[in-house]
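Each remark here refers to the structure printed beneath this line.
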Amino acid sequence: MLRIENLSKKYGKLTAVDNLSLHVESGSIFGLVGPNGAGKTSTMKILAALLAPTAGRAWIAGEEVSTNPARIRQLVGYMPDFFGVYDDLKVEEYLDFYAASYAMPVRERRMIIGDLLELVDLSHKRYAYVDSLSRGMKQRLCLARSLVHDPSLLILDEPASGLDPRARVEMRELLKELKSMGKTIIISSHILPELSELCTHIGIMEMGKLVISGTNEEIVHHTRGGRTLQIRVIDRAEEAGLILQDELGLAEAPFFNNSAVLPFSGDDEDLNRILTRMVASGIPVASFSEGSNNLEDIFMQVTKGAVQ
Amino acid sequence: MKRLVLNPVLDKEFRSRMRTWKSPLLISLYLGVLALITLGYYWTQQQSAFYAGFGPEVGPQIYVTLTIFQLMLVSFVTPAFTAGVISGERERQTLDLLICTRLSATSIILNKLLASIAYILLLIISSLPFFSVVYFFGGVLLSEIGQVFLVYLMTSLTFGAIGVFCSTVFRKTQVSVVVTYVIVFFFLAGTVVITAFLARVSPNFSGLPLIAYLNPVVALFSTFPGSFSQEMFMSFGVGGRVVGANTPASNLLPWQYNFIGDGIIIVLFLILAIILLDPVGRFSRLKQLFRRKRKVQVEIDDEEIKSEAHPG
């Protein structure tokens with residue numbers, strides 16, 4: 001669905017996107033993660049044909065973005081991180097305006113507006129002024145706007161920013177529904193746990209570069225073995241530390257308050273052997289389990305926190 | 001072409017503009033000012049009259065006063081309506097959403113301008129009853145009134161195109177409005193100053209400099225009936241000069257020269273606004289293509305230098 005090759009965007013001396021290459025398969029949800037100023041918004045704007053790249057090329061459904069913007073705008077539904085609405089229009093008029101801007105016939109517009117309002121749960125606000133909607137409702141309306149021309153690719157820049165927990169859950173459910181409808185979605189967000197739950201693929205950007213990308217499992221696998229060993233003892237933490245150092249080949253295995261979380265890359269048999277040795281040594285083990293790095297851990301590992 | 005003009009931007013602009021209380025208020029204020037001028041003039045004439053009724057010059061006098069005031073109002077109102085059409089969208093953070101639809105930059109710019117001009121036309125048309133009063137007094141031809149309305153239309157289109165251009169260039173509406181008013185002021189007063197200056201430095205030159213024809217007031221004066229036209233030019237500071245004498249086709253009237261100048265300005269500013277608005281439009285692609293070609297040329301030159309430095 002989407003292919004990016006050596007894409008760069010420079011604003012004077014500042015390089016916002018640096019030689020970015022990426023491939024997103026049809027029907028997947030690709031989460032673009034990165035600190036502020038990492039180049040996520042610039043990348044998304046280039047893909048939405050709102051910004052010309054300095055170098056490199058991108059293709060959406062086989063169409064090159066910078067040579068055929070009109071076709072790209074038909075294929076892409078874009079929701080920016082900060083957006084405004086026409087407060088003096090009613091919800092129905094607002095959607096009708098955008099549907100007409102995509103040259104849709106009047107009869108088709110009426111039908112699709114009803115469907116979209118139902119999808120984003122705003123049917124009861126059809127004749128209300130946009131001005132009277134809450135922030136969450138406006139976000140959902142903007143999502144409906146980006147769907148008005150039935151695009152195959154949705155580019156959502158921080159769609160859940162500024163929303164309260166309930167609205168965030170509603171937005172997540174909505175995106176899941178869009179996924180089930182077969183839409184390809186590129187989404188950027190700072191709320192990493194939500195992204196890991198929602199996305200099939202993740203890409204982490206920093207200083208304009210794509211640091212790592214792949215499926216959730218691939219990323220977890222690539223980052224320091226991905227898994228952890230979480231252990232808590234009642235007593236004799238020092239002895240437990242020595243055994244773990246030996247078994248895991250670590251320089252040190254520090255315990256804090258009789259608990260430790262250590263990187264682990266073995267299998268179930270390794271786990272069984274470590275636990276058996278500890279019990280055989282008489283160490284009072286209170287809990288022993290395998291954990292995995294979450295997206296937040298991975299993000300902290302692969303990014304240096306640098307912004308441009 | 002149909003889609004270019006009758007498009008959703010125009011529809012939305014009309015809907016939004018006519019929905020609020022501001023529109024009827026502005027029309028009322030506009031007509032109120034024109035009514036005050038007409039009645040004020042009528043009252044002054046009545047006070048100073050030696051005989052009952054009106055002299056034959058009263059009709060044209062009210063007409064001249066009204067048309068000049070209306071031109072000033074049009075010049076004042078047009079920047080206010082047009083200088084924020086694009087920068088306002090940018091400030092409201094709706095411009096990106098508009099550009100990423102299938103509407104072309106040409107369509108957005110033209111319809112924004114048309115929507116603003118349509119409202120100004122509404123103001124002008126609503127002032128027609130005052131002109132019918134003038135027509136009642138006599139002394140003014142219907143064709144002359146028609147010419148005046150054409151001058152209004154061209155003036156509002158010109159200042160409107162400048163306003164739309166400024167709102168595309170400047171990110172903030174306030175800056176755009178100020179710059180548009182400065183340019184409008186140049187058209188109204190700056191051209192007079194330059195004309196007066198040129199008249200002083202070259203007293204043997206009998207005609208008007210071309211720049212004077214850009215002034216809508218010159219165009220307006222040339223549409224006035226007979227003696228009023230020359231009287232107005234006298235008061236304009238260019239008395240004694242033969243209007244149109246220095247131009248190659250002197251059979252054209254000043255308002256016709258003004259229209260030619262306005263036409264060029266409108267087309268130029270609108271094309272510039274369209275180019276600036278479209279981030280990845282044809283112009284950007286041409287620029288990119290040129291940059292790529294230049295890069296390839298630089299690489300070829302580098303290769304040639306290297307091969308000359310290290311032959312074989």
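No hydrogens, no waters, no symmetry mates; every other heavy atom, side chains included, goes into these values. First the proteins, then the strands, lettered A, B, ... as listed; each starts at 1.
- With respect to chain B, the highest number of heavy-atom pairs below 4.5 Å among A:Ala48, A:Gly77, A:Ala49, A:Ala70 belongs to A:Ala49.
- Annotation: the span from B:Arg19 atom CZ to A:Lys90 atom NZ amounts to 5.5 Å, rounded to 0.5 Å.
- With a threshold of 4.5 angstrom between heavy atoms, A:Leu50 approaches chain B through its backbone and through its side chain.
- Listed options B:Leu98, B:Leu95, B:Leu97, B:Ile99 were ranked by heavy-atom pairs under 4.5 angstrom with chain A; first place goes to B:Leu97.
- Here the straight-line distance linking atom CG of A:Asp88 with atom NZ of B:Lys12 works out to 6.0 Å at 0.5 Å rounding.
- Interatomic distance, A:Phe83 CZ to B:Arg92 CZ, rounded to the nearest 0.5 Å: 14.0 Å.
- Atom CG of B:Asn7 is separated from atom OG of A:Ser101 by 7.0 Å, given to the nearest 0.5 angstrom.
- The part of A:Arg145 that comes within reach of chain B is its side chain, from C-beta onward, which places non-hydrogen atoms under 4.5 angstrom from that chain.
- Atom-to-atom distance recorded for B:Cys100:SG and A:Leu47:CG is 12.5 Å, nearest 0.5 angstrom.
- Contacts of B:Glu91 with chain A are absent, with no heavy-atom separation under 4.5 Å from either backbone or side chain.
- For A:Val85, the part sitting under 4.5 Å from any heavy atom of chain B is the backbone (N, CA, C, O) and nothing else.
- Side-chain contact between B:Ser16 and A:Leu89 is present, with at least one heavy-atom pair separated by less than 4.5 Å.
- With contacts defined as side-chain heavy-atom distances shorter than 4.5 Å, the pair A:Arg73/B:Thr101 does not qualify.
- The existence of a salt bridge linking B:Asp96 and A:Lys45 is confirmed by a sub-4.0 Å separation between a basic side-chain nitrogen and an acidic carboxylate oxygen.
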